[in-house]
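Beneath this line is the structure, given in structure tokens, with notes to follow.
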Amino acid sequence: MSHPPYLWLNGDIVPWESATIHIVDARELSSVSSVFEGVRAYWNAERQQLYIFRLQDHIRRLLGSMKVLRMPPPFSVEALVQATVTLVRQNMQREDLYIRPVATVAPGPRALGTPADSTNVEMLISAAPSPSSLSLDRQRHVGVSSWNRISDNSLPPRIKSNANYLASTLVATQARVDGYDGAIILNTDGKVSEGPWACVFLVRDGRLITSTVTSNILESITRLTVMQLARDVLGLAVEERAVDRTELYLADEVFFCGTGLELGPIVSVDRYPVGDGTVGPLTTRLRSLYQDVVRGKETAYLDWLTPVY
Ligand code: PMP
């Protein structure tokens, strides 16, 4: 398998091959108690520039996830931002990337429940090629999952922990088995929460609607981006509120949003066609606007981009 030449590990750029872990350690609790981020970088061929999208915001969220898990951060936000840029430069990557910063607890003998301390928190950053799907015409048929979303008082969705993604895997696998391309999950109040790896937006009567941050969602950076672009550029009214399941069936447009998935149009929910069953006009406009913003073509939002070169 091809891979980039380097990754960043605990403060150093190290050759990919040398960053190994013993199988026994890999299977240890450390992988359950790790937190991570998913960040995208977009290549702008005209400017021969690679832009990392909202890197500071992702690193801040990572440190928030670490705080909830009581992992003292060995590096500052600024140091991790710089480490990410240095890594990508060292790899000489000049294409769309998916960057994955991870914080974990070093394997070793530790009584269950002992909080991590400054000696055993480990951090890793890797960056792999990952072409954007924003120019592809992908449409999703999704179902409302019979699984409930995990919740703040048990496995908090607000932090991006590896353990949370077991719930996402259950949902996504069930959706596939049931013949869908994806799923929307309800929280234990029966309101729309999010997808297994993305937040959800609806358009009804020209208004953009999304679940609140207290609906057991990840506080998505793409969600904030979409809300701001919809208000600032398209002049849309944006509502953050509890969303009912049947609103999905009556919506004019529905789409997922997230770093990895970007803006993903949904054309049916539980086999009810969304609107006329094709990708709606606001979804199309927001996707193309998002594409311009992340590639640095919309100059009003250059503050969100970290240029690598
Ligand atoms: N919800 C979940 C469960 C996710 O995994 C993701 C992807 N990180 C999102 C929402 C979207 O978050 P973001 O826009 O910050 O990538």
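Note that these values count all heavy atoms, side chains included, but never hydrogens, waters or copies made by symmetry. When a ligand or atom number is given, it counts from 1 through the structure's own listing order.
- Within a 6.0 Å sphere centred on CZ of Arg70, heavy atoms belonging to other residues, nucleotides or ligands number 12 at most.
- The closest approach between a heavy atom of Ser168 and any atom of ligand 1 is not below 4.0 Å.
- Residue-ligand proximity, Glu194 to ligand 1, at heavy-atom distances under 4.0 Å covers atoms 1 (N), 2 (C), 3 (C), 10 (C).
- Of the candidates Pro157, Ser220, Gly195, it is Ser220 that places a heavy atom closest to atom 11 (C) of ligand 1.
- Taking 4.0 Å as the cut-off between side-chain N and carboxylate O, Glu194 and Arg149 count as a salt-bridged pair.
- Among all protein heavy atoms, the one lying closest to atom 5 (O) of ligand 1 is Tyr165 OH, 2.5 Å.
- Looking at Arg223 next to ligand 1, no N or O pair under 3.5 Å apart turns up.
- Ranking the protein heavy atoms by distance from atom 7 (C) of ligand 1 puts Trp197 O, 3.4 Å first.
- When only non-hydrogen protein atoms are considered, atom 3 (C) of ligand 1 lies nearest to Pro196 O, 3.4 Å.
- The shell of residues lying under 4.0 angstrom from ligand 1, judged by heavy atoms, includes Arg61.
- Listed by number with element, the atoms of ligand 1 under 4.0 angstrom from any heavy atom of Arg149 are 3 (C).
- Using a 4.0 Å cut-off between a side-chain N of Lys or Arg and a carboxylate O of Asp or Glu, Lys160 and Glu37 do not qualify as a salt bridge.
- Considering backbone and side-chain atoms alike, Thr259 places an N or O below 3.5 Å from some N or O of ligand 1.
- Interface atoms of ligand 1 facing Lys160, defined by a heavy-atom separation under 4.0 Å, are 5 (O), 7 (C), 8 (N).
- A salt bridge links Asp152 to Arg158: at least one charged side-chain nitrogen sits closer than 4.0 Å to a carboxylate oxygen.
- Not one N or O of Gly260 is nearer than 3.5 Å to an N or O of ligand 1, by distance alone.
- Gln139 contributes no side-chain N or O that, together with a main-chain N or O of Pro265, makes up a donor-acceptor pair within less than 3.5 Å.
- Ring pair Phe53/Tyr42 is perpendicular by interplanar angle, where above 60° counts as perpendicular and below 30° as parallel.
- When atom types are taken as modelled, the side chain of Ser76 and the backbone of Ala79 share a donor-acceptor pair closer than 3.5 angstrom.
- Ring-plane geometry between Trp43 and Tyr309 is classed as perpendicular, the angle between the planes exceeding 60 degrees on a 0 to 90 degree scale with a lower cut at 30.
- We find that Glu247 and Lys191 are not joined by a salt bridge, their nearest charged nitrogen and carboxylate oxygen being 4.0 Å or further apart.
- Close contacts of ligand 1 with Cys199, meaning ligand atoms under 4.0 Å from a residue heavy atom, involve 10 (C).
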